[in-house]
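Before any comments, here is the structure.
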Amino acid sequence: SSSVGEKGDIEKIADDAIENICKQVIDENPNVVEEYKSGKEASLNFLIGQVMRLSERRADFKTAKQKLVELIGD
């Protein structure tokens, strides 16, 4: 565990918060989710963008992408 106050840590939000935002984005964009499922890779970038916007850019990009892929994949 890292000590609080390290540069970069403060701006980031927790993984479970990112997951909740991902779920919200998926719920709000069912058409885009369907496009992604049918193989449209650009749709994932749109969804990641929505997560970044809702988190005020505090979400980690890689984590957001990973969570979206996991959640949509189920």
Side-chain angles (χ1 to χ4, degrees):
S1 65
S2 63
S3 62
V4 178
E6 282 180 31
K7 274 199 172 139
D9 284 2
I10 304 155
E11 283 108 38
K12 297 294 177 196
I13 57 173
D15 283 7
D16 56 347
I18 295 174
E19 186 168 337
N20 288 334
I21 295 171
C22 289
K23 286 176 181 169
Q24 185 185 334
V25 168
I26 289 167
D27 287 347
E28 288 173 0
N29 299 281
N31 298 348
V32 183
V33 171
E34 285 309 312
E35 285 174 8
Y36 170 65
K37 281 182 174 177
S38 67
K40 198 171 164 196
E41 201 59 43
S43 300
L44 183 61
N45 293 330
F46 172 81
L47 295 170
I48 296 167
Q50 294 301 302
V51 172
M52 300 308 285
R53 186 177 63 81
L54 285 169
S55 69
E56 294 164 346
R57 305 229 163 261
R58 292 203 307 268
D60 180 67
F61 183 86
K62 281 185 292 207
T63 306
K65 182 175 183 177
Q66 190 185 332
K67 294 276 183 201
L68 283 167
V69 170
E70 275 174 28
L71 291 165
I72 294 168
D74 288 349

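Sequence positions, counted from 1, serve as the residue numbers for this chain. Note that the structure is a prediction, hence the values are computed from the model and not measured.
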* Measuring from Asn31:CG to Glu34:CD, what's the distance to the nearest 0.5 Å? -> 8.0 Å

* Asked: What distance do Tyr36 atom OH and Ile72 atom CD1 have between them, rounded to the nearest 0.5 Å?
  -> 6.0 Å

* Asked: Looking only at heavy atoms, what is the nearest atom pair of Ser55 and Ile21, with distance?
  -> CB-CD1, 3.7 Å

* Partner residues of Lys40 under the side chain to side chain donor-acceptor pair (under 3.5 Å) criterion, sequence neighbours left out -> Glu35

* Asked: Any side-chain heavy-atom pair from Leu44 and Glu41 closer than 4.5 angstrom?
  -> yes

* Which distance, rounded to the nearest 0.5 Å, do you find between the CG of Leu47 and the CG of Leu71? -> 11.0 Å

* Would you please name every residue forming a side chain to side chain contact (heavy atoms under 4.5 Å, CB included) with Gln50, sequence neighbours left out? => Val25, Asn29, Phe46, Arg53

Throw together a table of side-chain donor-acceptor distances under 3.5 angstrom for residues 61-69, partners on residues two or more places apart or in other chains.
unit_1, atom_1, unit_2, atom_2, d
Thr63, OG1, Asp60, OD2, 2.9
Lys67, NZ, Glu19, OE1, 3.4

